[in-house]
Enquirer: 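Dropping a structure here in structure tokens format, bear with me for questions.
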Amino acid sequence: MTQVLNLASLLVLFKAMQVSSLFPFIYFMVQDFKIAKQEEDISYYAGFVGSSYMLGRALTSVFWGKVADRYGRKPVIIIGTSTIVIFNTLFGLSINYWMAVITRFLLGSLNGLLGPIKAYTCEIFPEEHHALGLSVVAAAWGTGLILGPALGGFLAQDQDQRGAANGIAMALMSLSKAVGPAKLLI
């Protein structure tokens, strides 16, 4: 039970990190795309990139819950972990604004991890320990929201080669997030 809770916490931590890791460098990434006519508009466009993930997630969360109920939690967790690697890497390697928006949207749409992990936590723990299991999952989410921007800022601090740094940062984060949990699932 403890190993499963650790795995669930690790997956939630990595999911939260990929949600928030782009914020330190998204302004510069959008600036490099040269889509904004004035410097004041960069934040406007960066907001769409940041929110496209949550739009995709909001539109498909119920769908992923139904898929998890019908086919099991494990396939949805594996698909979600795989999409983190694929679409975070593609996002980091985006060559234009619309590629960045679409890859973030697809990342949110195809990543239904959080609901199935919470359900899985409740399934494996006795009823008297549900609060503990869900609290650990919530703590992992909060920790990921703290560590994500810190890691994103650290990996993207090379100001002379921002485009390459964005891609490398997202690729490294994606791969590091997937390797550990994937070993435990297989």
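Quantities reported herein were computed from a predicted structural model and do not represent experimental measurements.
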Enquirer: Is the shortest heavy-atom distance from the side chain of Trp98 to the side chain of Phe33 under 4.5 Å?
Expert: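 No, their side chains stay 4.5 Å or more apart.
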Enquirer: Do the side chains of Leu59 and Ser109 get nearer than 4.5 Å, heavy atoms only?
Expert: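 SC-SC contact between Ser109 and Leu59 ruled out.
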Enquirer: Could you tell me which non-hydrogen atom of Ser94 sits nearest to which non-hydrogen atom of Thr103, and how far apart they are?
Expert: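 So the minimum-distance heavy-atom pair works out to OG-OG1, 3.9 Å.
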Enquirer: Determine which pairs satisfy side chain to side chain donor-acceptor pair (under 3.5 Å) with at least one residue from residues 43-58, sequence neighbours left out, and list them in order.
Expert: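 Matches after skipping sequence neighbours: Lys15-Tyr53, Gln18-Tyr53.
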Enquirer: Taking the side chain as every heavy atom from C-beta outward, state whether Tyr71 and Val76 have any atom pair closer than 4.5 Å.
Expert: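 Answer no - side chains too far apart.
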Enquirer: Is it true that atom CD1 of Ile95 has more than 12 heavy atoms of other residues, nucleotides or ligands lying nearer than 6.0 Å?
Expert: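 Counting other residues, nucleotides and ligands, CD1 of Ile95 stays at 12 neighbours or fewer.
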Enquirer: Please tell me if the side chains of Phe91 and Leu22 come closer than 4.5 Å, counting only heavy atoms from C-beta onward.
Expert: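 Yes, their side chains come closer than 4.5 Å.
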Enquirer: For Gly152 and Pro24, which heavy atoms make the closest approach, and how far apart are they?
Expert: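 That closest heavy-atom pairing would be C-CG, 4.1 Å.
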Enquirer: Which value, rounded to the nearest 0.5 Å, describes the distance between Met17 atom CE and Leu13 atom CG?
Expert: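 Taking CE in Met17 and CG in Leu13, the distance rounds to 6.0 Å.
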Enquirer: Would you name the heavy atoms of Pro149 and Leu145 that are closest together and state the gap between them?
Expert: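 Residues Pro149 and Leu145, closest heavy atoms: CD-O, 3.1 Å.
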Enquirer: Quick one: closest heavy-atom pair of Cys122 and Leu134, and the distance?
Expert: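 Shortest heavy-atom separation between Cys122 and Leu134 comes out as SG-CD1, 3.8 Å.
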Enquirer: Taking it one step at a time, do Val19 and Met54 satisfy side chain to side chain contact (heavy atoms under 4.5 Å, CB included)?
Expert: CA-CA 9 Å; Val19 168; Met54 287 301 176; 3.7 Å; yes
Enquirer: Could you check Met29 against Ile26 for side chain to side chain contact (heavy atoms under 4.5 Å, CB included), going step by step and ending with a plain yes or no?
Expert: CA-CA 5 Å; Met29 189 177 191; Ile26 191 64; 4.1 Å; yes
Enquirer: Check the pair Ile117, Trp141 against side chain to side chain contact (heavy atoms under 4.5 Å, CB included), reporting the backbone distance first and the verdict last.
Expert: CA-CA 12 Å; Ile117 285 179; Trp141 178 262; over 6 Å; no
Enquirer: A side-chain contact here means heavy atoms from C-beta on lying under 4.5 Å apart; do Arg104 and Leu55 qualify?
Expert: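 They are not in side-chain contact.
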Enquirer: Tell me every residue that passes side chain to side chain donor-acceptor pair (under 3.5 Å) with Asp69, counting only those two or more places apart in sequence or in another chain.
Expert: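 Scan of Asp69 (side chain to side chain donor-acceptor pair (under 3.5 Å), adjacent residues dropped) gives Arg73.
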Enquirer: Honestly curious: do Phe63 and Phe87 fall in one hydrophobic cluster under the side-chain, below-4.5 Å linking rule?
Expert: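 Same hydrophobic cluster.
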Enquirer: Between Ser21 and Leu151, does the side chain to side chain contact (heavy atoms under 4.5 Å, CB included) criterion hold? Intermediate values first, please.
Expert: CA-CA 7 Å; Ser21 62; Leu151 186 58; 5.9 Å; no
Enquirer: Closest approach of Val30 and Ala46, non-hydrogen atoms and distance?
Expert: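 Taking Val30 first and Ala46 second, the nearest heavy atoms are CG2-CA, 3.8 Å.
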Enquirer: Counting C-beta onward and ignoring hydrogens, is there a side-chain heavy-atom pair between Leu113 and Ile84 closer than 4.5 Å?
Expert: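 Yes, close enough: below the 4.5 Å cut-off.
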Enquirer: Distance check, rounded to the nearest 0.5 Å: Asn88 atom CG versus Leu107 atom CG?
Expert: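 It comes to 5.5 Å.
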Enquirer: Quick one: pull up OG1 in Thr83 and CD1 in Ile78 and give me the separation to the nearest 0.5 Å.
Expert: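 The CD1 atom of Ile78 is 12.0 Å from OG1 of Thr83, to the nearest 0.5 Å.
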Enquirer: If I compare all heavy atoms of Gly144 with all of Ser20, which pair ends up nearest, and what's the gap?
Expert: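 Looking at all heavy atoms of both residues, the shortest contact is O-OG, 3.5 Å.
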Enquirer: Please name all residues satisfying side chain to side chain donor-acceptor pair (under 3.5 Å) with Tyr27, sequence neighbours left out, ordered by chain then number.
Expert: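 Expected list: Glu39.
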Enquirer: Is there a continuous path of hydrophobic side-chain contacts, each under 4.5 Å between heavy atoms, that joins Tyr120 to Leu132?
Expert: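 Looking at the clustering, Leu132 is in the same group as Tyr120.
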Enquirer: Is it the case that one hydrophobic cluster holds both Phe48 and Phe25, taking links as side-chain heavy atoms less than 4.5 Å apart, direct or via other members?
Expert: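 Yes; tracing contacts between hydrophobic side chains, which count when under 4.5 Å, links both residues.
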Enquirer: Heavy-atom distance under 4.5 Å between the side chains of Tyr97 and Val49, does that happen here?
Expert: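 Tyr97 vs Val49: side chains touch.
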Enquirer: Answer yes or no: is there a side-chain heavy-atom contact under 4.5 Å between Leu110 and Ile79?
Expert: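 Not touching, per the 4.5 Å side-chain cut-off.
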